[in-house]
*Asks:* 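Mind having a look at this structure? Questions to follow.
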Amino acid sequence: MQATITVLSGDGIGTEVTAVAVALLQEIAALGGHTFTFQEALFGGCAIDATGDPFPAETQALCENCDAVLLGAVGGPKWSDPSAKVRPEQGLLRLRRHFNLFANLRPVRAYPMLARHAPLRADLLEGVDMLFVRELTGGAYFGARQEQGDGDTAYDTMIYTVAEVQRVARVAFRAAQARRKHLTSVDKANVLASSRLWQRTVTQVAAEFPEVQVEHALVDSFAMQLIRTPSRFDVIVTENMFGDILTDEAAVLAGSLGMLPSASLGEGTFGVYEPIHGSAPDIAGKGIANPTGTILSAAMLLRHSLNLPEEAAALEAAVQSALEVGARTADIAEPNLPTLSCADFGERVRAALRKVH
Ligand code: IPM
Ligand code: MN
């Protein structure tokens, strides 16, 4: 097949990790006889430096004319002055909003061989395999916000419509149906009106999916359960900001934030795929970042946007087998194993890919 992929490597380690994922996608294309065309565009802090805009019109046009976007990370100390008018993160929010990418899929699994990097006891990590479905275009991220007076008052608005909750709930129910048929909906219905609407709507949508068992959890209690009994969760659906916070928390289960991929999807097949880690300015340019989250994001891209499930599974299997035979970056280093650079880790995955093919 032929596909066009826009690469927004962004800032910090974004460039290093996307380079590895692109090389592996090229390998997949070569092995399977596909033609993938990659087009790079400015996004985030580097786009602010070059054009004054974190999501320039040219970048938007390239994203509109492709099958999927592979994204690295945005942001860094250079652009994080709180009084700055333009920030890299605004580009990310505009990208999500422009393409109506309302469902953010963040799978989290524990890797037995990385258990020593997780702060939890190994027995608690057994069988941890969950999927967060985070609402991505609503809530406090996009509600009315203002600073008032002499800057002594400020507000943000957490706002949801029934239609917004229904569509993301359906994504989560469908995912649960294809997995272990269990869905946890996380809210704060004992305090927030938007959460009561959320809970009521999820309960209504549940009637369409009789096979899926649904439970509602309050976000504070869920944050605790997530660490206390992580293996009992299958699919979790939650609003934008709760999802942002809880997925960083869940990342510790995988042993490193560097392991986690994500897919941001709308109604069609187009999607934006990015690791959940940020630009990591402290290690940027050193070539030591863990590209796993980006590689697994590329696998999600193959599955969701290009309808290449076998290629996706092959890439995931290659990551798994590279880890099994001891490929480790600095964040998941092992005393008796060599610590690989970002690029070398990618080469180990490539070697594994050739074997599984
Ligand atoms: C994420 C990030 C973003 C978010 C930031 C960079 C705006 O933390 O994708 O989780 O809050 O959504
Ligand atoms: Mn986040």
*Asks:* Answer yes or no for Arg167 and Phe102: cation-pi contact, defined as NZ/CZ to six-membered ring centre under 6.0 Å and angle to ring axis within 45°.
*Replies:*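 Yes.
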*Asks:* Quick one: does Gln199's side chain have a donor or acceptor within less than 3.5 Å of a partner on Asp187's backbone?
*Replies:*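 Absent.
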*Asks:* Do other residues, nucleotides or ligands put more than 12 heavy atoms under 6.0 Å from Glu208 CD?
*Replies:*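 Yes, the 6.0 Å shell around CD holds more than 12 heavy atoms from other groups.
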*Asks:* Using the six-membered ring of Tyr111, assess whether NZ or CZ of Arg109 lies under 6.0 Å from its centre and within 45 degrees of the ring axis.
*Replies:*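 Geometry flag: set, cation within 6.0 Å and 45°.
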*Asks:* What closest approach, in Å, do Glu249 and Leu226 show between heavy atoms, and which atom pair accounts for it?
*Replies:*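 So the minimum-distance heavy-atom pair works out to OE1-CD2, 3.5 Å.
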*Asks:* More than 12 heavy atoms of other residues, nucleotides or ligands under 6.0 Å from CG of Leu192: yes or no?
*Replies:*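 Yes - once you tally the heavy atoms of other residues, nucleotides and ligands closer than 6.0 Å, there are more than 12.
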*Asks:* Any donor and acceptor pair, going by atom type alone, linking the side chain of Arg180 with main-chain N or O of Phe233 inside 3.5 Å?
*Replies:*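 Side chain of Arg180 to backbone of Phe233, a donor-acceptor pair under 3.5 Å: yes, one is there.
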*Asks:* So, for Phe55 and Gly91, which heavy atoms are closest and what is the spacing to 0.1 Å?
*Replies:*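 Distance-wise, the nearest heavy atoms are CB-CA, 3.9 Å.
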*Asks:* Report yes or no: is the cationic atom of Arg328 (NZ for Lys, CZ for Arg) under 6.0 Å from the centre of the six-membered ring of Phe345, at an angle within 45° of the ring normal?
*Replies:*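 Not satisfied by the 6.0 Å and 45° rule.
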*Asks:* How about Gln148: does its CD atom have over 12 heavy atoms from other parts shown lying under 6.0 Å from it?
*Replies:*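 Enclosed: over 12 neighbouring heavy atoms sit under 6.0 Å from CD of Gln148.
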*Asks:* How many angstroms lie between OG in Ser305 and CG in Leu265, if you round to the nearest 0.5 Å?
*Replies:*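 The distance works out to 6.5 Å.
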*Asks:* Determine whether Glu40 and Ile5 make a side-chain contact, defined as any pair of heavy atoms from C-beta on separated by less than 4.5 Å.
*Replies:*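 With C-beta onward as the side chain, the pair stays apart.
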*Asks:* Do His98 and Glu64 come close enough that some side-chain heavy atom pair is under 4.5 Å?
*Replies:*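 Of all side-chain heavy-atom pairs linking Glu64 with His98, at least one is under 4.5 Å.
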*Asks:* If every non-hydrogen atom of Ala47 is compared with every non-hydrogen atom of Pro54, which pair is closest and at what distance?
*Replies:*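 That closest heavy-atom pairing would be CB-O, 3.7 Å.
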*Asks:* Using a strict 4.0 Å threshold on nitrogen-to-oxygen distance, state whether Asp129 and Arg179 make a salt bridge.
*Replies:*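 Looking at Asp129 and Arg179, the cut-off is met.
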*Asks:* Drop me the distance from Ile13's CD1 to Thr294's OG1, to the nearest 0.5 angstrom.
*Replies:*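 Ile13 CD1 to Thr294 OG1: 7.0 Å, rounded to 0.5 Å.
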*Asks:* Work out which heavy atom in Glu274 is nearest to a heavy atom in Ser264; give both atom names and the distance.
*Replies:*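 Heavy atoms only, the tightest pair is OE2-OG, 4.4 Å.
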*Asks:* Let me confirm one number: the CH2-CE distance from Trp198 to Met158, rounded to the nearest 0.5 Å.
*Replies:*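 Trp198 CH2 to Met158 CE: 10.0 Å, rounded to 0.5 Å.
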*Asks:* Using a strict 4.0 Å threshold on nitrogen-to-oxygen distance, state whether Glu311 and Arg303 make a salt bridge.
*Replies:*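 Looking at Glu311 and Arg303, the cut-off is not met.
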*Asks:* Is Val69 close to Tyr273 at the side-chain level, that is, under 4.5 Å between some pair of heavy atoms?
*Replies:*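 Side chain of Tyr273 against side chain of Val69, heavy atoms only: no contact under 4.5 Å found.
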*Asks:* I'd like to check Phe242 versus Glu135 (side-chain heavy atoms, cut-off strictly below 4.5 Å). Are they in contact?
*Replies:*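 SC-SC contact between Phe242 and Glu135 ruled out.
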*Asks:* What orientation do His34 and Phe36 show, parallel under 30°, tilted 30 to 60°, or perpendicular over 60°?
*Replies:*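 It falls in the parallel class, under 30°.
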*Asks:* So, taking the atom named CG in Leu260 and the one named OG1 in Thr292, what distance separates them when rounded to the nearest 0.5 Å?
*Replies:*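 Those atoms lie 10.0 Å apart.
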*Asks:* Under 3.5 Å, is there a donor-acceptor pair between the side chain of Thr329 and the main chain of Cys342?
*Replies:*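 Here the side-chain-to-backbone pair does not exist.
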*Asks:* Under the side-chain contact (heavy atoms from CB on, under 4.5 Å) criterion, do Asn65 and Thr4 qualify, and how do the steps go?
*Replies:* CA-CA 8 Å; Asn65 290 295; Thr4 303; over 6 Å; no
*Asks:* Any sub-3.5 Å donor-acceptor pair from Thr161's side-chain atoms to Glu164's backbone N or O?
*Replies:*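 At least one qualifying donor-acceptor pair exists.
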*Asks:* Is the side chain of Glu58 donor-acceptor paired with the backbone N or O of Gln60 at a distance under 3.5 Å, no angle test?
*Replies:*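 Side chain of Glu58 to backbone of Gln60, a donor-acceptor pair under 3.5 Å: no, none is there.
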*Asks:* Considering the options Val7, Leu95, Thr6, which one meets the side chain to side chain contact (heavy atoms under 4.5 Å, CB included) requirement together with Leu71?
*Replies:*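 Among Val7, Leu95, Thr6, the one meeting side chain to side chain contact (heavy atoms under 4.5 Å, CB included) with Leu71 is Leu95.
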*Asks:* Please say yes or no: joined through hydrophobic side-chain contacts below 4.5 Å, possibly via intermediate residues, are Phe99 and Leu62 part of one cluster?
*Replies:*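 No, separate clusters.
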*Asks:* Hydrophobic cluster membership, with links at side-chain heavy-atom distances under 4.5 Å among I/L/V/M/F/W/Y: are Val86 and Leu92 in one?
*Replies:*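 No; Leu92 is not reachable from Val86 via cluster members.
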*Asks:* Do Val237 and Thr184 touch side chain to side chain, with heavy atoms closer than 4.5 Å?
*Replies:*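 Heavy-atom side-chain distance check fails, nothing below 4.5 Å.
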*Asks:* So that I can tick it off, tell me whether Asp53 and Arg94 are bridged by a salt bridge, with the cut-off set at under 4.0 angstrom between side-chain N and carboxylate O.
*Replies:*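 The answer is yes: the pair qualifies as a salt bridge.
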*Asks:* Apply the test side-chain contact (heavy atoms from CB on, under 4.5 Å) to residues Leu308 and Met1: give CA-CA distance (whole Å), side-chain angles for both, the deciding distance (0.1 Å), then the verdict.
*Replies:* CA-CA 9 Å; Leu308 294 173; Met1 77 164 303; 3.7 Å; yes
*Asks:* To the nearest 0.5 Å, what is the distance between CD (Glu215) and CG (Asp234)?
*Replies:*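 Here the rounded value is 10.5 Å.
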*Asks:* Could Asp220 and Lys188 be called an ion pair, given the rule that one side-chain N must be under 4.0 Å from one carboxylate O?
*Replies:*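 Result for this pair is yes, salt bridge flagged.
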*Asks:* Can you see whether Tyr141 engages Asp244 through a side-chain donor-acceptor pair at a distance of less than 3.5 angstrom?
*Replies:*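 Side-chain D/A pair, Tyr141 to Asp244: present.
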*Asks:* Any side-chain heavy atom of Glu334 within less than 4.5 Å of one from Arg116?
*Replies:*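 In contact.
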*Asks:* Could you check if a side-chain atom of Ile236 sits within less than 4.5 angstrom of a side-chain atom of Leu131, using non-hydrogen atoms only?
*Replies:*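 Ile236 does not reach Leu131 side chain to side chain.
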*Asks:* Residues two or more places apart in sequence or in another chain: which of them pass salt bridge (Lys or Arg N to Asp or Glu O under 4.0 Å) with Arg87?
*Replies:*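 For Arg87, no residue satisfies salt bridge (Lys or Arg N to Asp or Glu O under 4.0 Å) once neighbours in sequence are set aside.
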*Asks:* Is there a donor-acceptor pair under 3.5 Å between the side chain of Asn104 and the backbone N or O of Ser262?
*Replies:*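 Pair absent, no side-chain N/O of Asn104 close to backbone of Ser262.
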*Asks:* Does Ala140 offer a backbone N or O that forms a donor-acceptor pair with the side chain of Asp156 under 3.5 Å?
*Replies:*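 Checked: no pair found.
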*Asks:* Around Arg196, counting heavy atoms of other residues, nucleotides and ligands shown, do more than 12 lie under 6.0 Å from its CZ?
*Replies:*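 Atom CZ in Arg196 is packed in, count exceeds 12.
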*Asks:* Just by modelled atom types, is the Gly14 backbone N or O under 3.5 Å from a matching donor or acceptor in the Thr18 side chain?
*Replies:*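 Answer holds: yes.
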*Asks:* List the steps and the verdict of side-chain contact (heavy atoms from CB on, under 4.5 Å) for Thr229 and Leu124.
*Replies:* CA-CA 7 Å; Thr229 49; Leu124 291 175; 5.8 Å; no
*Asks:* For Ser256 and Asp331, test the side chains for any donor-to-acceptor distance below 3.5 angstrom and give the result as yes or no.
*Replies:*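 Their side chains do contain a donor-acceptor pair, which is all the 3.5 Å distance test asks for.
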*Asks:* Looking only at heavy atoms, which two atoms of Val20 and Ala343 are closest? And how far apart?
*Replies:*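 In this case the closest contact between Val20 and Ala343 is CG2-CA, 4.0 Å.
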*Asks:* Identify whether the distance between the nearest side-chain nitrogen and carboxylate oxygen of Glu211 and Arg174 falls below 4.0 Å.
*Replies:*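 Looking at Glu211 and Arg174, the cut-off is not met.
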*Asks:* Hey, are Gln320 and Glu324 close enough side-chain-wise for a donor-acceptor pair under 3.5 Å?
*Replies:*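 Yes, Gln320 and Glu324 have a side-chain donor paired with an acceptor closer than 3.5 Å.
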*Asks:* For the hydrophobic clusters of this structure (ILVMFWY residues joined by side-chain heavy atoms under 4.5 Å, transitively), does one cluster hold both Val214 and Leu218?
*Replies:*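 No, Val214 does not connect to Leu218 through the hydrophobic network.
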*Asks:* Specify whether Phe209 and Phe173 have parallel, tilted or perpendicular ring planes, treating 30° as the upper limit for parallel and 60° as the lower limit for perpendicular.
*Replies:*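 Rings of Phe209 and Phe173: parallel, under 30°.
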*Asks:* Go through the steps to decide whether Phe142 and Thr157 satisfy the test side-chain contact (heavy atoms from CB on, under 4.5 Å), and finish with yes or no.
*Replies:* CA-CA 8 Å; Phe142 293 94; Thr157 316; over 6 Å; no
*Asks:* Can a donor-acceptor pair be found, under 3.5 Å and without considering hydrogens, that links the side chain of Arg134 to the backbone of Glu239?
*Replies:*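 Checking the backbone N and O of Glu239 against the side chain of Arg134, no donor-acceptor pair under 3.5 Å is found.
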*Asks:* State whether a side-chain donor-acceptor pair under 3.5 Å links Thr247 with Arg106.
*Replies:*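 There is such a pair between these side chains.
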*Asks:* In chain order, what residues pass the side chain to side chain donor-acceptor pair (under 3.5 Å) check against Asp123, with sequence neighbours excluded?
*Replies:*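 Asp123: side chain to side chain donor-acceptor pair (under 3.5 Å) contacts with Arg121.
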*Asks:* Is any NZ, NE, NH1 or NH2 atom of the basic residue among Arg354 and Glu27 found under 4.0 Å from an Asp or Glu carboxylate oxygen of the other?
*Replies:*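 So Arg354 pairs with Glu27 through a salt bridge.
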*Asks:* Report yes if some heavy atom in the side chain of Cys63 is under 4.5 Å from a heavy atom in the side chain of Leu8; otherwise report no.
*Replies:*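 Yes, at least one pair of side-chain atoms sits under 4.5 Å.
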*Asks:* Between NE2 of His304 and OG of Ser297, what distance do you get to the nearest 0.5 Å?
*Replies:*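 Rounded to the nearest 0.5 Å, the NE2-OG separation comes out at 10.5 Å.
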*Asks:* Looking at Leu183 and Ala176, what are the two nearest heavy atoms and their distance?
*Replies:*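 Of all heavy-atom pairs spanning Leu183 and Ala176, the closest is CB-CB, 4.4 Å.
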*Asks:* Compute whether any side-chain donor of one residue and acceptor of the other, for Trp79 and Asp49, lie under 3.5 angstrom apart.
*Replies:*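 A pair is found: one side chain offers a donor N or O, the other an acceptor, under 3.5 Å apart.
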